[in-house]
Amino acid sequence: MYWDPAYETLPREDMAKLQLSRLQKLAELVYNNVEFYRRKFDELKVKPSDIKSLDDIRRLPFTTKDDLRDNYPYKMFSSSLDDVVRIHASSGTTGKPTVVGYTRVDVDIWAETMARSFTAAGLTHRDIIQNAFGYGLFTGGLGAHYGIEKIGASVVPVSGGNSKRQIMFLKDFGCTGICCTPSYAASLLDAARDEGVDLRKLPVRAGLFGAEPWSVQMRREIEEGWGMTATDIYGLSEIIGPGVSFECPQAQRGLHVNEDHFYPEVIDPDTSEVLPAGEKGELVFTTITKEAIPLIRFRTRDISSIDSSPCSCGRTLIKMNKVFGRTDDMLIIRGVNVFPSQIEEVLLANSGLLPYYQIVVDKKGALDTVEVLVEVAEDLFVTDEIRKLQQREELLEKSIKSNVGITAKVRLVEPKTIHRSEGKAQRVIDKRERFV
Amino acid sequence: MNIRQISIFVENKHGRLFEVSKLLGENGINLKALYLADTTDFGVIRLIVSDPDKAYSVLKTNGFTVGKNEVIVVSIPDVAGGLAALLEIININSINIEYMYAFAGGGESATLVFRFNNTEAAAEALNSAGIELLQENDLL
């Protein structure tokens with residue numbers, strides 16, 4: 001089921017032609033309107049008219065999150081503020097927030113890409129979708145909202161948090177779809193149990209989850225606990241918000257990039273060299289149709305790879321693999337690079353554990369120490385033998401060692417002792433930072 | 001024939017045993033035997049109580065991780081060599097003890113609580129050796 005078959009199944013050559021002409025227009029637009037880009041282009045001695053093929057994109061400068069912060073709030077905007085109808089901003093936990101704007105056209109494109117995402121997940125105008133992404137400056141809530149309205153489904157704009165009410169609405173409103181962060185979907189499982197509600201018995205049949213990396217095992221936990229199909233949706237506010245790419249549930253292997261709007265590349269984060277399809281690196285997007293704040297080669301800090309193989313769903317849109325992790329979230333433990341999702345995979349591959357965990361990193365002397373706290377489920381406790389519980393801890397430690405390559409201490413903790421996420425989960429507590 | 005035991009998983013955190021005992025007390029559940037096994041990270045509280053079903057549901061609804069299992073409880077003479085005599089029977093029958101706890105209750109006998117790797121075989125072996133297994137009623 002496609003929302004926009006003309007673009008979603010466009011032959012590859014036609015897509016390349018469309019992308020090139022859009023890229024050429026974009027280069028002109030930013031060169032003429034954004035001082036930052038004019039300076040960058042000039043430094044690299046490249047002019048918009050030098051873009052003759054898609055490969056020429058490699059001659060263009062990168063844009064980073066710091067560039068957006070340096071040009072706070074509006075200096076990266078290409079369009080006049082008179083044409084801007086919406087402003088979103090990311091949380092400014094590490095300095096000034098990054099500010100993005102949307103013209104009416106941008107808002108429409110965003111709704112369009114979200115409509116494709118909801119349609120691919122199997123949802124239609126007949127559905128009632130509970131939108132538990134946070135509303136506000138965060139792009140998740142409103143991004144999903146416009147997409148749901150676009151396909152003509154009913155949106156329940158409940159926003160994040162207040163789990164008890166979420167469960168009540170899911171039940172009473174007969175919701176057939178839900179969207180939120182994957183960690184919140186896991187939290188709701190727990191909240192439903194408390195309310196004595198079996199989510200599998202509710203009519204919810206499809207969910208779109210995104211805004212943070214999640215493992216294949218977490219997907220299984222959510223699908224089994226909710227009795228639904230869980231699909232991944234990817235995006236970031238700098239590019240547009242959610243809807244940059246989306247999964248088709250037939251394959252559940254990779255996310256189709258809305259590449260008629262967002263041109264993807266994968267680069268080596270250290271050398272900035274473009275990597276061939278299939279190789280893992282940092283995702284980079286160029287917003288080839290955006291008006292308010294179009295970005296050239298924006299470095300997302302998300303680690304993934306491009307999959308150019310044809311998809312069984314019939315879409316010709318190129319795929320990116322599920323995001324492996326963010327370079328921001330990457331921990332360096334005694335010299336080994338570790339993503340929290342790698343530890344999540346090991347934990348959830350084991351039965352008897354709940355999908356709630358936390359990774360505590362500290363330093364003892366000169367050595368990094370890692371402690372993984374994970375909640376036990378009742379079925380791990382059918383045997384009350386201490387030895388078996390300890391064996392389980394040791395088994396998990398061995399498994400982390402062999403799969404992730406680090407020595408971690410695993411500690412089983414009581415249910416409900418790990419903080420429940422209502423938005424993006426905080427999986428890692430890094431106590432080392434205090435000493436830096 | 002076997003006696004039901006409640007096990008609770010608790011982290012080594014301040015006040016957890018108090019919370020368990022308070023909860024059971026408030027619900028009119030009397031403790032008959034208690035054993036706390038601990039490691040550096042967590043502990044397991046094992047209880048024999050006046051009403052195991054109620055204890056289980058009260059603890060569960062209050063968010064504890066609870067398990068139910070069966071143990072064998074026997075009464076032996078409180079004399080030197082009493083335990084050895086009993087364990088000999090267990091040894092001969094190649095049964096392993098997962099854990100045990102005991103209390104000598106001031107009278108002439110001592111009470112032993114066993115978790116064996118094979119509860120049925122242990123019960124049979126002890127029975128045929130003429131050792132009486134205590135029933136839940138005996139503890140009330």
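In what follows, chains are A, B, ... by sequence order, proteins preceding strands, each numbered from 1.
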Top contributor to chain A interface from B:D38, B:I8, B:N12 [non-hydrogen pairs under 4.5 Å]: B:I8
Flag if over 12 foreign heavy atoms under 6.0 Å of CD, B:E88: no
Within 6.0 Å of CD in A:E195, more than 12 heavy atoms from elsewhere: yes
CD/A:Q391: more than 12 non-hydrogen atoms of other groups inside 6.0 Å: yes
Chain A neighbours within residues 89-100 of chain B, where any heavy atom lies under 4.5 Å away: B:E98, B:Y99
Option in B:R16, B:E11, B:K60 with maximal non-hydrogen atom pairs under 4.5 Å from chain A: B:E11
From CA spacing to verdict: side chain to side chain contact (heavy atoms under 4.5 Å, CB included), A:E393, B:D41: CA-CA 10 Å; A:E393 287 185 339; B:D41 299 341; 3.4 Å; yes
Contact listing (chain B partner; residues 401-425 of chain A; heavy atom under 4.5 Å): A:K409, A:V410, A:R411, A:L412, A:V413, A:E414, A:P415, A:T417
Whether over 12 other heavy atoms sit under 6.0 Å from B:K22 NZ: no
Contact listing (chain B partner; residues 161-182 of chain A; heavy atom under 4.5 Å): none
Minimum heavy-atom distance A:A377-B:T65, with the two atoms named: O-CG2, 4.3 Å
Interchain contact, A:Q390 with chain B, by part (heavy-atom threshold 4.5 Å): both
Non-neighbouring partners of A:M218 that pass side-chain contact (heavy atoms from CB on, under 4.5 Å), sequence neighbours left out: A:A186, A:W214, A:S215, A:I222, A:E344, A:L348, A:P355, A:R427
